[in-house]
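Input: a single structure, listed below in structure tokens.
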Amino acid sequence: MRKLFAEFFGTYWLVFGGCGSALFAAGYPNLGIGFAGVALAFGLTVLTMAYAVGHISGGHFNPAVSFGLWASGRFSFKNLVPYIIAQCIGAIAAAGTLFYIWSGKTGNSIDNTKAGAFASNGFDTFSPDGYSMYSCFAAEFILTLFFLIVILGATDKLANGKFAGIAIGLALTLIHLVSIPITNTSVNPARSLSQALFAGGEPLKQVWLFWAAPILGAIVGGIIYKNLLQKSEILEE
């Protein structure tokens with residue numbers, strides 16, 4: 001249960017901090033943090049929670065990461081469903097908190113006919129810059145694949161584990177810098193689901209892509225690292 005609570009709180013913080021920065025701070029007149037600020041916020045949520053509770057649960061905070069770690073042989077299949085449930089509950093709880101705060105300002109309402117409604121993800125006309133479904137799938141797949149390679153490499157027993165959280169947090173920052181204009185950046189099915197549930201409409205109908213692409217990308221990343229990059233137990237010549 002400690003591990004599941006760690007995943008709940010870690011994913012809650014990721015969604016609250018990352019999506020919260022997009023909702024409240026990104027477009028603030030004259031002082032808004034913009035895309036770069038939102039990207040940094042997402043990276044900081046993972047970095048801080050990696051050190052806060054990563055030693056308890058492994059610091060997944062993302063169903064795709066759990067799948068990728070399973071594919072790499074570092075995570076038990078029997079724990080996949082409990083972890084994913086805890087992550088989704090944490091994400092939805094954070095989105096609910098954001099919605100409560102968002103609703104406290106007169107005039108605030110969610111327009112789910114526009115891209116990025118309530119920090120949701122989307123493709124085609126719901127992509128921030130109008131990218132096609134195929135482009136968005138490719139971006140989410142590739143970025144999650146490399147995210148897993150960074151995670152697996154940074155946490156490898158031969159790596160300097162003290163800096164793993166920094167590497168992972170900066171990788172997520174970079175991912176957002178690339179893909180916010182494309183999909184509003186997911187690489188995390190729980191984060192996508194939570195915002196889409198409150199946005200409703202087309203963002204909710206499109207959420208399937210933000211489960212399929214990150215999970216597939218993570219699995220491929222896990223397999224690549226395990227078979228091509230991970231050092232064998234047998235000493236290499």
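This structure is a prediction, so every number in the text was calculated from the model and none was measured.
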According to a 4.5 Å side-chain heavy-atom criterion applied to Ile, Leu, Val, Met, Phe, Trp and Tyr, with indirect links allowed, do [X] and [Y] form part of one hydrophobic cluster?
X	Y	value
Val187	Ile149	yes
Ile151	Ile166	no
Phe77	Ile215	yes
Phe42	Leu40	no
Ile223	Phe147	yes

Look up atom [atom1] in [X] and atom [atom2] in [Y], then write down how far apart they are to the nearest 0.5 Å.
X	Y	atom1	atom2	answer
Phe67	Asn62	CZ	CG	11.0 Å
Leu216	Thr144	CG	OG1	9.5 Å
Leu209	Phe126	CG	CZ	14.0 Å
Leu14	Leu172	CG	CG	6.5 Å
Leu197	Gln195	CG	CD	9.0 Å
Ile89	Ile84	CD1	CD1	12.0 Å

Test log, rule side-chain contact (heavy atoms from CB on, under 4.5 Å), inputs Leu23 and Phe118: CA-CA 7 Å; Leu23 287 170; Phe118 201 61; 3.6 Å; yes
Closest contact, heavy atoms only, [X] versus [Y]:
X	Y	answer
Met49	Trp13	CG-CD1, 3.5 Å
Ala91	Ala190	CB-O, 3.4 Å
His60	Ser66	ND1-OG, 2.8 Å
Ala22	Ala26	O-CB, 3.5 Å
Ser194	Ala95	O-CB, 3.6 Å
Leu148	Gly222	CB-N, 4.5 Å

Looking only at atom types and distance, does a side-chain atom of [X] sit under 3.5 Å from a main-chain N or O of [Y], one as donor and one as acceptor?
X	Y	result
Ser127	Ile182	yes
Glu140	Ser186	yes
Tyr51	Lys162	yes
Trp211	Pro189	yes
Thr185	Ile180	yes
Gln87	Phe8	no
Asn108	Ser103	no

A side-chain contact here means heavy atoms from C-beta on lying under 4.5 Å apart; do [X] and [Y] qualify?
X	Y	answer
Trp102	Phe24	yes
Ile175	Phe146	no
Ile101	Phe16	yes
Thr155	Ile168	yes
Pro214	Asn188	no
Phe35	Leu177	no
Gln230	Asp156	yes
Leu193	Cys88	yes

Could you check whether [Y] and [X], counting side-chain N and O atoms only, form a donor-acceptor pair closer than 3.5 Å?
X	Y	result
Arg191	Thr11	no
Asn121	Thr183	no
Ser76	Trp70	no
Ser132	Ser135	yes

Might you work through the side chain to side chain donor-acceptor pair (under 3.5 Å) test for Asp124 and Tyr131, ending with a clear yes or no? CA-CA 5 Å; Asp124 291 333; Tyr131 287 89; over 6 Å; no
Ring centres of Tyr83 and Phe75 under 6.0 Å apart? yes
Would Ile110 and Phe99 satisfy side-chain contact (heavy atoms from CB on, under 4.5 Å), going step by step from the backbone distance to the final call? CA-CA 9 Å; Ile110 298 173; Phe99 182 76; 3.7 Å; yes
side-chain contact (heavy atoms from CB on, under 4.5 Å) partner of Leu152, the single match among Ile224, Val65, Leu69: Leu69
With side chain to side chain donor-acceptor pair (under 3.5 Å) as the test, would you mind laying out the steps for Thr113 and Asp111 before giving the verdict? CA-CA 5 Å; Thr113 66; Asp111 183 356; 2.5 Å; yes
Evaluate Ser120 against Asn184 for side-chain contact (heavy atoms from CB on, under 4.5 Å), listing each step before the verdict. CA-CA 7 Å; Ser120 61; Asn184 215 21; 5.8 Å; no
Can you tell me how the ring of Phe123 sits relative to the ring of Trp208, calling it parallel under 30°, perpendicular over 60° and tilted otherwise? perpendicular
Go through the steps to decide whether Thr97 and Tyr12 satisfy the test side chain to side chain donor-acceptor pair (under 3.5 Å), and finish with yes or no. CA-CA 10 Å; Thr97 308; Tyr12 182 102; 2.8 Å; yes
Could you please spell out the steps behind the side-chain contact (heavy atoms from CB on, under 4.5 Å) verdict for Val53 and Phe61? CA-CA 10 Å; Val53 300; Phe61 319 141; 3.7 Å; yes
